[in-house]
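The next block holds one structure in the form of structure tokens; read it before the comments.
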Amino acid sequence: MRWSNLFVPTLRDDPADAEVASHRLLVRAGFIRQLTAGVYSLLPLAQRVRLKVCQIIREEMNRIGGQEFLLPAIHPGEAWKESGRWEVMGDNMFRLRDRRGADMCLGMTHEEIFTIIARNAINSYRQLPQVWYQIQTKFRDEARPKSGLLRVREFTMKDAYSFDTDRAGLDKSFQDQYDAYCAIFTRCGLKYTSVEASSGAMGGSQSTEFMVRTDAGEDLIAVCEKCGYAANVEKAISRIATIADEEGPAAPEEFPTPGVRTISDLTTFPGGAAADCQIKTLVYSLDDKLALVLMRGDHELNETKLIDATGAINVRPAHPEEIREAMGASAGSLGAVGIDSKTHRHIKLIIAEESLRARRNMTTGANKDDFHLRGVAIDRDIRVDRWASLRSVAGGEGCPQCEGTIDVFKAVEVGHIFKLGTKYSESMGARVLTAEGSEVPIVMGSYGIGVERLMAAAVELYNDDAGIIWPASIAPFHAIITPVNIKDQAISDAAERLYRQLESAGIETLLDDRDERAGVKFNDADLIGVPFRITVGKKIKEGKVELFTRSTRASEDVAIDAVEETLRAKLAAN
RNA sequence: CGGGGCGUGGCGCAGUGGUAGCGCACUCGGUUUGGGACCGAGGGGUCGGAGGUUCGAAUCCUCUCGCCCCGACCA
């Protein structure tokens with residue numbers, strides 16, 4: 001490809017509204033343009049990268065027996081009503097009506113549609129297992145699109161689905177996908193971490209996320225360098241020091257605490273208590289039923305863990321009026337002592353964080369404004385219905401699996417694989433007959449990769465002051481030839497000849513045939529991130545050109561006749 | 001959805017009531033030519049939109065739309 005024929009609208013300045021590196025650079029280097037919030041046009045360079053990523057994905061999916069489909073992006077509302085997700089997805093789903101007034105939507109994912117195909121055509125265990133996938137556009141009306149391609153409303157997803165007769169089959173399909181994902185991200189040149197994850201609204205028993213560590217990410221992952229434990233903080237647990245409580249009084253003692261509203265207020269209040277000796281009482285609405293969530297004073301609730309622990313769908317902190325009506329006191333003086341969820345008018349559940357187990361001599365609200373209780377022993381004084389891990393782990397805490405220490409990093413999720421189980425096959429009636437003649441729901445798995453997000457993650461990982469540094473496997477071109485002065489006939493001819501040679505050798509080459517100064521061309525080449533640049537300049541008289549490696553910024557003289565071979569070796573080494 | 005910010009030429013920005021500007025980019029001519037050259041001459045903007053105030057509005061008022069950031073939210 002000749003630069004003069006390529007649409008690459010590079011910008012000299014950074015776009016004003018781009019914050020993260022991938023957004024800034026992909027716009028500036030002429031890869032993408034925004035159409036509206038969370039919706040981007042991919043320009044030719046970006047499309048080349050996208051197709052390479054898709055091809056790698058396709059090859060690895062096919063390698064594990066995946067069959068490529070292409071399902072519709074527009075779905076009848078009926079399909080989603082059957083699975084129950086028409087309601088669950090809420091405002092995140094783009095919805096529309098057809099001319100007859102029927103509910104339609106744009107697909108956020110394709111469990112429902114693939115399940116419809118499976119239930120109509122698969123009746124016997126003999127037809128299983130199946131692994132189906134597609135590379136398709138997904139639509140999600142995100143409340144807050146941001147960070148360029150990292151969080152968008154329309155994007156390409158590779159989504160795969162496995163169909164098995166039983167759990168053992170699912171385990172095998174899941175492992176195949178796991179291995180394929182590792183191969184895909186490795187081939188794309190990404191440094192990634194696979195972590196245990198919450199399966200959230202997808203349902204199902206087990207899920208693994210593939211994360212790329214970057215401060216531009218919105219997820220937090222906990223990792224132990226020593227043993228390799230890795231989990232999303234929505235799932236992660238840790239070892240924390242146990243606290244040895246004093247015996248305390250035989251019964252809780254109420255004491256006045258005028259003006260005390262927060263945990264930290266009480267730590268400094270005379271007669272108060274350290275934060276880790278307080279019980280924080282949060283009131284949550286779980287599917288419109290109120291629950292008390294008890295945390296140690298210095299711990300933060302992770303709402304996803306609360307959702308996972310309770311199975312609730314609509315989870316939110318209770319409103320101040322709800323709290324007052326239910327508890328008779330306001331936030332700041334709340335406590336669970338004396339509340340029994342079996343008989344209480346409003347509170348239907350008391351769930352407590354694991355770190356509170358067996359604690360004694362604790363301080364908590366008295367359910368009476370401006371009063372607290374001290375000397376509270378959890379087991380003696382509070383009727384806990386459920387215990388669960390509800391807190392977010394913090395860096396520096398102990399690894400749950402070894403003697404190591406946990407680090408917490410920001411990361412972006414580029415892939416997610418789920419063991420769905422029978423959630424969709426049961427709700428939508430996809431069943432097969434087993435060898436024994438009994439009818440069972442198909443056991444499913446679901447496996448996704450965000451293609452543009454993967455591209456953006458690569459840019460986050462690999463960039464410098466001059467621009468993008470693409471891994472060779474997904475770079476828009478393998479090499480760029482930069483004739484230093486197009487008007488110098490010897491240079492221009494040599495560049496042209498080399499270009500033809502490399503192209504016919506199957507090395508994807510961009511010839512910068514623009515009549516621009518060398519500096520402009522160098523800067524543009526650096527910006528768009530082509531892995532290797534061949535500079536054709538004065539040394540052509542000696543039959544030499546310069547080979548510049550984008551990632552190291554190292555330059556070496558190479559005989560023009562040796563360029564193809566040298567490049568081929570360097571590309572193979574990548 | 002709450003809070004904050006911003007909408008002026010392709011990009012980045014200035015312009016507090018009196019003829020819409022600057023830098024970059026673009027076009028033409030010339031000089032240059034190894035890390036975003038220089039000189040000269042040009043083209044390009046209903047100032048996001050609607051309504052209002054005023055002799056006169058990019059500028060003041062009202063409404064509205066859009067975008068960005070923080071939070072909430074989120075396979």
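The sequence lines fix the lettering, A, B, ..., with proteins before strands; numbering per chain opens at 1. Remember, predicted model here, so these are calculated numbers, not experimental data. Scope of the values below: all heavy atoms of this structure, side chains included, with no hydrogens, waters or symmetry mates.
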Do you know the tightest heavy-atom contact between A/Leu290 and A/Ala326?
CD1-CB, 3.7 Å
Protein-nucleotides 28-32 of chain B N/O pairs under 3.5 Å:
residue, atom, partner, partner atom, Å
B/U32, O2, A/Arg517, NH1, 2.8

Between residues 23-38 of chain A and RNA chain B, which residues have a heavy-atom gap below 4.0 Å?
A/Arg28, A/Gln34, A/Thr36, A/Ala37
Protein-nucleotides 22-25 of chain B N/O pairs under 3.5 Å:
residue, atom, partner, partner atom, Å
B/C24, O2', A/Arg12, NE, 3.3
B/A25, OP1, A/Arg12, NH2, 3.3

Does the base of B/G36 carry an N or O that pairs as donor and acceptor with the side chain of A/Arg514 under 3.5 Å?
no
Complementary nucleotide of B/U27, counting Watson-Crick and G-U pairs under 3.5 Å:
B/A41
Among A/Arg119, A/Glu82, A/Glu112, side-chain contact (heavy atoms from CB on, under 4.5 Å) partner for A/Tyr424:
A/Glu112
Near-strand residues of residues 147-155 of chain A, defined as heavy-atom separation under 4.0 angstrom from RNA chain B
A/Ser147, A/Arg151
Would you mind classifying the nucleic acid contact of A/Asp14 as base, sugar-phosphate or nothing, using non-hydrogen atoms under 4.0 angstrom?
sugar-phosphate
Identify, with sequence neighbours excluded, every residue that meets side-chain contact (heavy atoms from CB on, under 4.5 Å) alongside A/Gln130.
A/Gln67, A/Ile122, A/Leu128, A/Trp132, A/Phe163
Please list, in numerical order, the residues of residues 542-560 of chain A that have a heavy atom closer than 4.0 Å to any atom of RNA chain B.
A/Glu546, A/Phe548, A/Arg553
Below 3.5 Å, does any donor atom in the side chain of A/Asn485 face an acceptor in the base of B/G34, or the other way round?
no
On a plain distance test, is the side chain of A/Asp524 in donor-acceptor contact with the base of B/G36 below 3.5 Å?
yes
